[in-house]
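Chain naming here is simple, since letters A, B, ... match the order of the sequence lines and numbering starts at 1 in each.
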There are 2 protein chains.
Amino acid sequence: MYSITRTFKNKGLKLTPQRIAVYEYLLGTKQHPSAETIYSALIEKFPTMSLATVYKSLKTLCKVELVQELNLGEGNFRYDAFMEEHAHFQCNHCSTVFDMMNVPTDRVMEAVSGNESFLIESSRLYFYGTCLECQKKNA
Amino acid sequence: MYSITRTFKNKGLKLTPQRIAVYEYLLGTKQHPSAETIYSALIEKFPTMSLATVYKSLKTLCKVELVQELNLGEGNFRYDAFMEEHAHFQCNHCSTVFDMMNVPTDRVMEAVSGNESFLIESSRLYFYGTCLECQKKNA
DNA sequence: TTAATTGCAAAAGCTTTGCATGAAT
DNA sequence: ATTCATGCAAAGCTTTTGCAATTAA
C-alpha cells in the first residue's frame, strides 16, 4: 500500500483500483502467478477488468520495480512482488514455483563478478527438481 | 557427428539432413540463436527446409539432451549445444548472450541443496549487465 | 481540466499441430 | 515395406497495440 502510493506519486503515475488490485494480489500470494491467473482471480472483484489491463499494470509495476517478471521456460511469464534478490525453484512434477531463501545470491554474484569481464547488474537463478511434497508421494 | 549418430540410433530416431544441419549449426556458433535465426541461416543450404522442421528438430535434440533451451525473458527461446553445466550472461545493451565458464554451477547447486528440502536436478543461471564491449563504448 | 488509464477488439509474435508427401531404416 | 520425418498451412497461445470512452489528479 504505502510503497505503491509513494512510488506511483513520485513517478507521476496514476493509482487506479486495477493497479492496486494486481499489486495486492501479488503481495498476497506465493504462487508466482501468470497474467492469466491474476486476471482470473481478480475478475470476481472487478468484473469489468480486462486481461490487457492486467498486462499493462504488470508492465508498469515491473518498470517501477515493485514487481519482477520470471521466466521459467514455460512459454509464459510469472510475476513476483517479493523484490529481495532471491532464487527460484520449480518442481518438475507439480510445476509449483518456490522462493529459495537460502541461496546467497549476492555472494554468488560477487564470486562471479570477480572472474569475468562482465559488469553484472542483476540475476535470475532458477533451479529445477522435485519438491518435498512430490518426494513424499513418489517415495 | 559421432554423438548425434550414436544417440539417434540408440533412441530409434531417424538421422535426417535437417536434424544434422540444426545440430551442427548450434555446435558451430556461440550466439545462442533463436529458432528463427537458425532457420534463416540454414535456408541457404536447405532451400526447402521449413521453420516447423527447425522447431521439431530442436524439440527432438532437447529431448535427447544434445541441446538445451534457454529463456532469458525475451519472449522467445534460444538454443545451446554446449551441454556442460554453465551459466549465461546477457548484455542489457547489445543483447548478446555469453557462456560463463567461471561460475561453479555444481558448487552452487551443492550449497543450495544442503539448505533446502528440494531435490535439485538441474539449474538455469542467468546474469544480466554490461558486456566488456559495451563497457568500453560507454566509458 | 487535462493527461493518463481502461477496456475492447484486433493484431502481432512465437510455437505447435494435422496431414499428405517424401525419406530413412 | 514400414515407420518416421518433412513441409505446408492453419491454428493456438501469450502478449502487445490502437483508439474511443473513462477516470485520476
side-chain N/O [X] vs [N] OP1/OP2, d < 4.0 Å:
| X | N | value |
| --- | --- | --- |
| A:Y55 | D:dT16 | no |
| B:K59 | C:dT17 | yes |
| B:T16 | D:dT6 | yes |
| A:S50 | C:dT6 | no |
| A:Q18 | C:dG7 | yes |

State whether a side-chain donor-acceptor pair under 3.5 Å links [X] with [Y].
| X | Y | value |
| --- | --- | --- |
| A:S57 | A:T60 | no |
| A:Y126 | A:Q90 | no |
| A:T37 | A:S40 | no |
| B:T53 | B:S50 | yes |
| B:E121 | A:T130 | yes |

*By nearest nucleotide on DNA chain C, pick out whichever of A:P47 and B:K9 is the more 5' one.*
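Going by which nucleotide is closer to the 5' end, it is A:P47.
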
For [X] and [N], what is the distance between atoms [atom1] and [atom2] respectively, to the nearest whole Å?
| X | N | atom1 | atom2 | value |
| --- | --- | --- | --- | --- |
| A:E69 | D:dT14 | CD | C1' | 12 Å |
| B:L58 | C:dC14 | CG | P | 14 Å |
| A:I20 | C:dT6 | CD1 | P | 11 Å |
| B:K63 | D:dC4 | NZ | C1' | 12 Å |

*Residues from residues 70-81 of chain B sitting under 4.0 Å of DNA chain D, heavy atoms only?*
none

*Report the end-to-end axis angle of the helix from C:dT1-D:dA25 to C:dT25-D:dA1; each axis comes from five terminal pairs, and the value is rounded to 10°.*
40°

*Please check if the distance between the ring centroids of A:F127 and A:F89 is under 6.0 Å.*
no

*Give me the ring orientation class for A:H32 and A:H88: parallel if the planes are under 30° apart, tilted from 30 to 60°, perpendicular past 60°.*
perpendicular

*Report yes or no: does B:R19 contribute a side-chain atom to a donor-acceptor pair with the main-chain N or O of B:F8 at less than 3.5 Å?*
no

*So what does B:T60 touch, heavy atoms closer than 4.0 Å: a base, only the sugar-phosphate, or nothing?*
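The answer is nothing, as B:T60 stays clear of every strand by at least 4.0 Å.
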
*Would you check, one step at a time, whether the test side chain to side chain contact (heavy atoms under 4.5 Å, CB included) holds for A:V22 with A:Y79?*
CA-CA 10 Å; A:V22 170; A:Y79 296 88; over 6 Å; no

_For A:S34 and A:K56, find the nucleotide of DNA chain D closest to each by heavy atoms; which residue's nucleotide sits nearer the 5' end?_
A:S34

_Of the listed nucleotides (D:dT15, D:dT3, D:dT17), which one gets closest to any side-chain atom of B:K14?_
D:dT3

